[in-house]
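Accompanying notes for the structure given below.
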Amino acid sequence: MKGNVVAPVSVLEHTECGSLNADRMAELYVELGQSAAEGAVCRALEDLSECLHRISAECIADDLKGVKQSAREMIATADHVGMHKLANIARDVEAVAARYDYAAVGGTVGRLLRVGESSLTSVWDLKELLL
C-alpha cells in the first residue's frame, strides 16, 4: 500500500425527541393558577438547563459523584413538570454513575443531553401555544 490511506469516517447522528406529559402540565396550571404555574415551569426549565450543563461538565471532569447528584436533582424536577422520559434517562445516568461505569455514563449522558435539549424546546413551544 502506497502512502497513508485514511478511510472515510462515518459519523452517527443520534436524534431522539423529548416528551412532555401535557396532562401533568395542565394539572400544574389548575393546582397553582396560571401565574404561579408559569413561574414554577420557568424555574424548572432553568434548573433543568443548569443540571444538563453541570452533568456535562462533571462527566468531562470524570466527577461521577457529581454526575449522580445532579442526575438525582434532575429526576425530581423533570418528574414534577411532566418530563417523565427525561427523568427516566436521568435515573439511568444516576444508576451507571453509582456503579462507576464510565463507558455507560458517556452513552447515557449523551442521550440525556439530546433528550434534555429536545424536552426543554418542547416545553417552550407548548408555553408559546398556551399564551
Side-chain angles (χ1 to χ4, degrees):
M1 191 188 315
K2 278 189 174 177
N4 294 328
V5 177
V6 178
V9 175
S10 173
V11 177
L12 294 176
E13 289 189 36
H14 298 282
T15 57
E16 187 172 3
C17 295
S19 67
L20 174 66
N21 183 330
D23 291 338
R24 176 60 187 141
M25 190 67 66
E27 286 174 12
L28 281 174
Y29 276 76
V30 169
E31 288 172 13
L32 303 175
Q34 183 171 345
S35 180
E38 286 178 5
V41 169
C42 285
R43 280 188 303 281
L45 294 178
E46 289 173 11
D47 291 347
L48 290 170
S49 180
E50 284 179 24
C51 280
L52 287 170
H53 178 60
R54 194 168 55 243
I55 288 171
S56 178
E58 291 163 345
C59 188
I60 290 168
D62 289 335
D63 177 9
L64 296 191
K65 183 177 178 183
V67 168
K68 183 177 142 188
Q69 291 171 341
S70 296
R72 189 175 301 136
E73 180 182 330
M74 179 173 269
I75 293 164
T77 304
D79 270 338
H80 181 69
V81 294
M83 295 181 177
H84 302 304
K85 183 176 186 176
L86 184 62
N88 287 334
I89 297 168
R91 283 183 186 88
D92 293 340
V93 169
E94 179 186 24
V96 296
R99 290 193 318 256
Y100 290 90
D101 185 341
Y102 286 91
V105 167
T108 55
V109 166
R111 183 171 186 230
L112 182 72
L113 297 174
R114 288 189 305 274
V115 172
E117 182 179 322
S118 178
S119 296
L120 293 175
T121 301
S122 296
V123 174
W124 283 119
D125 292 345
L126 179 63
K127 280 183 52 91
E128 288 177 9
L129 289 174
L130 295 175
L131 297 177

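Here the structure is a predicted model, which means the values were calculated and not measured.
Among residues two or more places apart in sequence or in another chain, the side chain to side chain donor-acceptor pair (under 3.5 Å) test is passed with D79 by H84, R91. Under the rule for a side chain to side chain donor-acceptor pair (under 3.5 Å), the partners of R72 that lie at least two apart in sequence or sit in another chain are E94. Judged as a side chain to side chain contact (heavy atoms under 4.5 Å, CB included), and not counting sequence neighbours, A76 has no contacts. In this structure E27 satisfies the side chain to side chain contact (heavy atoms under 4.5 Å, CB included) test together with R24, E31, sequence neighbours excluded. Considering only residues two or more places apart in sequence or on other chains, A40 meets the side chain to side chain contact (heavy atoms under 4.5 Å, CB included) condition with L32, R43. By the side chain to side chain donor-acceptor pair (under 3.5 Å) test, E50 pairs with no residue at all, sequence neighbours left out.
Side-chain contact check for E117 versus L52: every heavy-atom pair is 4.5 Å or farther apart. The shortest distance between side-chain heavy atoms of L86 and L112 falls below 4.5 Å. Side-chain atoms of V93 and R111, non-hydrogen and from C-beta on, never get closer than 4.5 Å to each other. At a threshold of 4.5 Å between non-hydrogen side-chain atoms, the residues E73 and I55 do not count as touching.
The shortest non-hydrogen separation linking V81 to M25 is O-CE, 3.7 Å. Between A97 and V67, the shortest heavy-atom distance links the atoms CB-CG1, 4.0 Å. Contact detail for A78 and L48: the closest heavy-atom pair is N-CD2, 3.9 Å. For the residue pair L64 and D101, the shortest heavy atom distance occurs at CD1-N, 4.5 Å.
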Apply the test side chain to side chain contact (heavy atoms under 4.5 Å, CB included) to residues L120 and M83: give CA-CA distance (whole Å), side-chain angles for both, the deciding distance (0.1 Å), then the verdict. CA-CA 9 Å; L120 293 175; M83 295 181 177; 4.3 Å; yes

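Listed by first and then second residue, the side-chain hydrogen bond (donor to acceptor under 3.5 Å, both in side chains) pairs involving residues 55-65 are E58-S70 (not counting sequence neighbours).
Cluster membership for L45 and I89, using ILVMFWY side-chain heavy atoms within less than 4.5 angstrom, is shared. The cluster map of Ile, Leu, Val, Met, Phe, Trp and Tyr, joined by side-chain heavy atoms under 4.5 Å apart, puts M74 and V41 in the same cluster.
Inspection of the Q34 and E38 side chains reveals an N or O donor paired with an N or O acceptor under 3.5 Å.
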